[in-house]
Amino acid sequence: MTRHLAPALAAALTLAALPLLAFAHHGWSSYDSSKVLTLSGVIKESGYEHPHGHIRLEVPGKTWQVTLAPPSRMENRGLPRTMLVPGAKATVVGYPNRTDSDEMRAERITIDGKTVELR
């Protein structure tokens with residue numbers, strides 16, 4: 001009888017974990033797409049890792065945490081890691097986070113005159 005319970009238990013645990021996995025990836029509903037932001041500043045820090053790259057962008061009076069695309073998409077669209085260096089000037093267009101006033105999701109980024117669509 002125990003042999004028959006193991007697969008059922010494994011299936012139940014898998015189903016129970018699915019909502020947690022969905023919650024782990026935040027989705028884009030936490031960003032307000034009705035408010036388009038265009039910010040220009042200097043990259044203070046960058047990350048080029050999964051699930052999304054990111055930069056800290058210092059603009060006059062504020063530093064923003066900017067969520068970018070996954071590294072593979074950035075690479076495929078012409079935004080290698082070497083362009084996201086501290087000290088580089090960047091302009092990002094995107095949407096503010098609904099609850100974190102220091103965070104935004106970038107739709108596109110321009111560095112050294114090159115614009116890359118991220119979505």
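All values reported here derive from a predicted model rather than from experimental measurement. Along the sequence shown, the residues carry numbers beginning at 1.
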Exercise. For Thr110 and Thr91, what are the C-alpha separation, side-chain angles and deciding distance, and is it a side chain to side chain donor-acceptor pair (under 3.5 Å)?
Worked result: CA-CA 5 Å; Thr110 303; Thr91 298; 5.7 Å; no
Nearest 0.5 Å, please: how far is [atom2] in [Y] from [atom1] in [X]?
X	Y	atom1	atom2	value
Arg108	Thr38	CZ	OG1	8.0 Å
Ser29	Arg98	OG	CZ	7.0 Å
Arg105	Ser30	CZ	OG	8.5 Å
Ser40	Lys89	OG	NZ	10.5 Å
Met104	Leu57	CE	CG	8.5 Å

Minimum heavy-atom separation for [X] to [Y], with atom names?
X	Y	answer
Gln65	His54	NE2-CD2, 3.2 Å
Pro71	Gly53	CD-N, 4.3 Å
Pro96	Lys35	CD-O, 2.9 Å
Tyr48	Leu79	OH-O, 2.6 Å
Gly78	Pro80	O-CD, 3.3 Å

Exercise. Which is it for Arg73 and Arg119 under the side-chain contact (heavy atoms from CB on, under 4.5 Å) test, yes or no, and what are the steps along the way?
Worked result: CA-CA 9 Å; Arg73 184 180 309 153; Arg119 303 286 165 232; 3.6 Å; yes
Exercise. Can you list the residues that meet the side-chain hydrogen bond (donor to acceptor under 3.5 Å, both in side chains) rule with Asp32, with sequence neighbours excluded?
Worked result: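 Applying side-chain hydrogen bond (donor to acceptor under 3.5 Å, both in side chains) to Asp32 gives Ser34.
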Problem set entry | Tyr31 with Val59, same ILVMFWY side-chain cluster at under 4.5 Å |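 Different clusters: Tyr31 never reaches Val59 through Ile, Leu, Val, Met, Phe, Trp or Tyr contacts under 4.5 Å.
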Exercise. Applying the 4.5 Å side-chain criterion to the ILVMFWY set and letting contacts propagate, would Ile111 and Trp64 be lumped into a single cluster?
Worked result: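 Both belong to a single hydrophobic cluster.
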Exercise. Applying salt bridge (Lys or Arg N to Asp or Glu O under 4.0 Å), which residue pairs with at least one partner in residues 51-63 are found, sequence neighbours left out?
Worked result: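 Passing the test, one end in residues 51-63: Lys44-Glu58, Glu45-Arg56, Lys62-Asp102.
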For this session: Would you please test Leu84 and Ile43 for side-chain contact (heavy atoms from CB on, under 4.5 Å) and show each step?
Result: CA-CA 7 Å; Leu84 296 176; Ile43 296 174; 4.2 Å; yes
Exercise. With respect to Leu39, which candidate in Val93, Val66, Val92 satisfies the side-chain contact (heavy atoms from CB on, under 4.5 Å) definition?
Worked result: Val92
For this session: Please test Leu118 against Met74 for side-chain contact (heavy atoms from CB on, under 4.5 Å), starting from the C-alpha separation and ending with a verdict.
Result: CA-CA 7 Å; Leu118 299 173; Met74 291 190 291; 3.9 Å; yes
